[in-house]
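Chain naming here is simple, since letters A, B, ... match the order of the sequence lines and numbering starts at 1 in each. Please read all numbers here as calculations on a predicted model, not as lab measurements.
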Number of protein chains: 2
Amino acid sequence: MTTLEITTQSITDMEVRAHDGHHASLRLWLRLLSCATRIEDTIRQRLREQFGITLPRFDLMAQLEREPEGLSMSELSRRMMVTGGNVTSIVDQLEKEALVKRQMLLTDRRSFTIKLTAEGRSVFTAMAKAHEAWIVELLSPLGASQQEDLHHLLGILKSRKHNPTQEKT
Amino acid sequence: MTTLEITTQSITDMEVRAHDGHHASLRLWLRLLSCATRIEDTIRQRLREQFGITLPRFDLMAQLEREPEGLSMSELSRRMMVTGGNVTSIVDQLEKEALVKRQMLLTDRRSFTIKLTAEGRSVFTAMAKAHEAWIVELLSPLGASQQEDLHHLLGILKSRKHNPTQEKT
DNA sequence: TATTGTTATACTCTATAACTATA
DNA sequence: TATAGTTATAGAGTATAACAATA
């Protein structure tokens, strides 16, 4: 992409080389972002059209699906990386649709456990199946070994922690 | 990631293999999404903290920066893939800050051309420079040749068109 | 009639901060 | 005091649809 052409004038050869590397990184980033966004938008749209659900609600249900014992609000907040108030509203909506339930805790009356309802579990299973098929379809331009390569490269990229709230150097 | 474990019981070996491939695609997708989101969030946060600007406004300015002749509202809408009303509000905000300007068109009095102001251009240059350095930093876990590999693989992924509003097969 | 752009409205997600109840 | 969760508020981005002006 040429979205971000540099406007610097009169630079040396070394700087040119550095800028070339910079531009390569930029192009890579724009391509990465574009791939991810396009797939995400497709998923988002299909989830809404076919199941009347949003991605955050789907994600919250996915968190619960893998934890049959349920999760507390604060744990959901931590895992979904959003603040508590937002979890409250997402859980409210899902509870209104009887897809999840709040369960009192005997040990701590401030807290409770969020679980999928039976219906929530069954609905989620259907959604997850469709979701998985969409992903397979959308990634299909890449063969299996290419997907492995990509997985590996992204693993390296992911390995370095980005902690924007704390990192300073 | 194991976010979306399948709950199907009693499946045959072939189905297991298919599901393994499916799971591999899912894991790949979740990793891709996670990498993109983490970088994007970091960029978003730094743009706001250091320049008081949002990503869509930055993106709109980037579109204008590469088109010295300016762009119409509808062309901006097309390129940014958002509806017209949203472009109006983003341009309104940028115009209020004197970073872009609307310019009357003599040939069509319904339309006009959006351009960066001199200040907008200078501000954008500074932001783009910082932005580029952030990208270089955030992609630095990967070496140059790994970045090339990643770029290539994503190119393949991107090549297949996803047109969610039209595709039907 | 079709197109350009604006306005109005509504919805979702998000963060922040004040608040209640409990530990 | 600290923690769990809720509520209230505000802001951004988005889509849809009705609208005015012009082509």
Side-chain angles (χ1 to χ4, degrees), chain A residues 33 37-38 40-49 51-61 70-97 100-115 164-165, chain B residues 33 37-38 40-49 51-61 70-97 100-115 164-165:
Chain A
L33 181 59
T37 303
R38 196 154 48 161
E40 189 180 7
D41 288 349
T42 302
I43 297 297
R44 212 182 277 276
Q45 182 178 350
R46 292 185 184 178
L47 279 176
R48 192 176 52 233
E49 284 173 356
F51 296 103
I53 200 171
T54 62
L55 201 45
R57 285 177 222 176
F58 178 79
D59 286 343
L60 192 145
M61 290 181 77
L71 292 168
S72 66
M73 296 297 278
S74 48
E75 182 59 22
L76 278 170
S77 167
R78 197 186 64 69
R79 295 199 187 190
M80 300 187 63
M81 299 174 69
V82 294
T83 53
N86 302 311
V87 174
T88 295
S89 93
I90 295 175
V91 167
D92 283 350
Q93 292 162 320
L94 289 172
E95 197 169 32
K96 209 181 324 179
E97 302 180 68
V100 309
K101 61 189 169 195
R102 285 174 167 92
Q103 207 164 70
M104 306 286 298
L105 261 190
L106 300 173
T107 51
D108 185 340
R109 285 191 302 175
R110 292 171 304 179
S111 182
F112 34 64
T113 299
I114 319 299
K115 286 185 182 177
T165 45
Chain B
L33 181 60
T37 302
R38 196 155 46 160
E40 189 180 7
D41 287 349
T42 303
I43 297 298
R44 212 183 277 276
Q45 183 178 348
R46 292 185 184 177
L47 279 176
R48 193 175 52 233
E49 284 174 356
F51 296 104
I53 200 171
T54 64
L55 201 43
R57 284 176 222 176
F58 178 79
D59 287 343
L60 192 146
M61 291 181 77
L71 293 168
S72 67
M73 296 296 278
S74 49
E75 182 59 22
L76 278 170
S77 167
R78 197 187 63 71
R79 295 199 187 191
M80 298 186 66
M81 299 175 67
V82 294
T83 55
N86 301 312
V87 174
T88 295
S89 93
I90 296 174
V91 168
D92 283 349
Q93 291 163 321
L94 289 172
E95 198 170 30
K96 209 181 323 180
E97 302 180 66
V100 309
K101 60 188 170 196
R102 284 174 169 92
Q103 208 163 70
M104 306 288 296
L105 261 189
L106 300 172
T107 52
D108 185 340
R109 284 192 302 177
R110 292 172 305 181
S111 181
F112 32 64
T113 299
I114 318 300
K115 287 185 180 177
T165 47

Value in whole Å for how far the [atom2] atom of [N] lies from [atom1] of [X]:
X       : N       : atom1 : atom2 : value
M80(B)  : dA15(D) : CE    : C1'   : 15 Å
L106(A) : dA4(D)  : CG    : P     : 18 Å
E97(B)  : dA12(D) : CD    : P     : 10 Å
I90(B)  : dT7(C)  : CD1   : C1'   : 16 Å
L55(A)  : dC11(C) : CG    : C1'   : 16 Å
R57(B)  : dT14(D) : CZ    : P     : 11 Å
F112(A) : dA23(C) : CZ    : P     : 13 Å
L105(A) : dT3(D)  : CG    : C1'   : 14 Å

Does any N or O in the side chain of T113(B) come within less than 3.5 Å of the main-chain N or O of S72(B), such that one atom is a donor and the other an acceptor?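 Such a contact is absent between T113(B) side chain and S72(B) backbone.
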Which listed nucleotide (dT3(D), dT14(C), dT16(D)) is nearest to the side chain of R110(A)?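 Taking heavy atoms from C-beta onward, the closest nucleotide is dT3(D).
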Closest listed nucleotide, where the reference is the side chain of D92(A) and the choices are dT7(D), dT12(C), dA15(D):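 Looking only at side-chain atoms, D92(A) lies closest to dT7(D).
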Between D92(B) and S89(B), is any side-chain donor less than 3.5 angstrom from a side-chain acceptor?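 No, no side-chain donor-acceptor pair sits under 3.5 Å.
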What is the nucleic acid contact for [X], judged by heavy atoms within less than 4.0 Å: base, sugar-phosphate only, or nothing?
X       : value
D108(B) : sugar-phosphate
S72(A)  : sugar-phosphate
R48(B)  : nothing

Quick check on [N]: is either OP1 or OP2 less than 4.0 Å from any side-chain nitrogen or oxygen of [X]?
X       : N       : value
R44(A)  : dA15(D) : no
T83(B)  : dA15(D) : yes
T54(A)  : dC13(C) : yes
S74(B)  : dG5(C)  : yes
S111(B) : dG5(C)  : yes

Nearest heavy atom decides the nucleotide; on that basis, is T113(B) or M81(A) closer to the 5' end of DNA chain C?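 Closest to the 5' end, via its nearest nucleotide, is T113(B).
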5'-most contact on DNA chain D: R102(A) or N86(B), nearest heavy atom basis?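 It is R102(A) whose nearest nucleotide is closer to the 5' end.
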Strictly below 4.0 Å, N to O, side chains only: are R78(B) and E75(B) in salt-bridge contact?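 Yes, R78(B) and E75(B) are salt-bridged.
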With heavy-atom distances below 4.5 Å as the criterion, would you say the side chains of I53(A) and M61(A) are in contact?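 A side-chain contact under 4.5 Å exists here.
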Given side chains that start at C-beta, do those of F51(B) and R46(B) come closer than 4.5 Å, heavy atoms only?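 They are not in side-chain contact.
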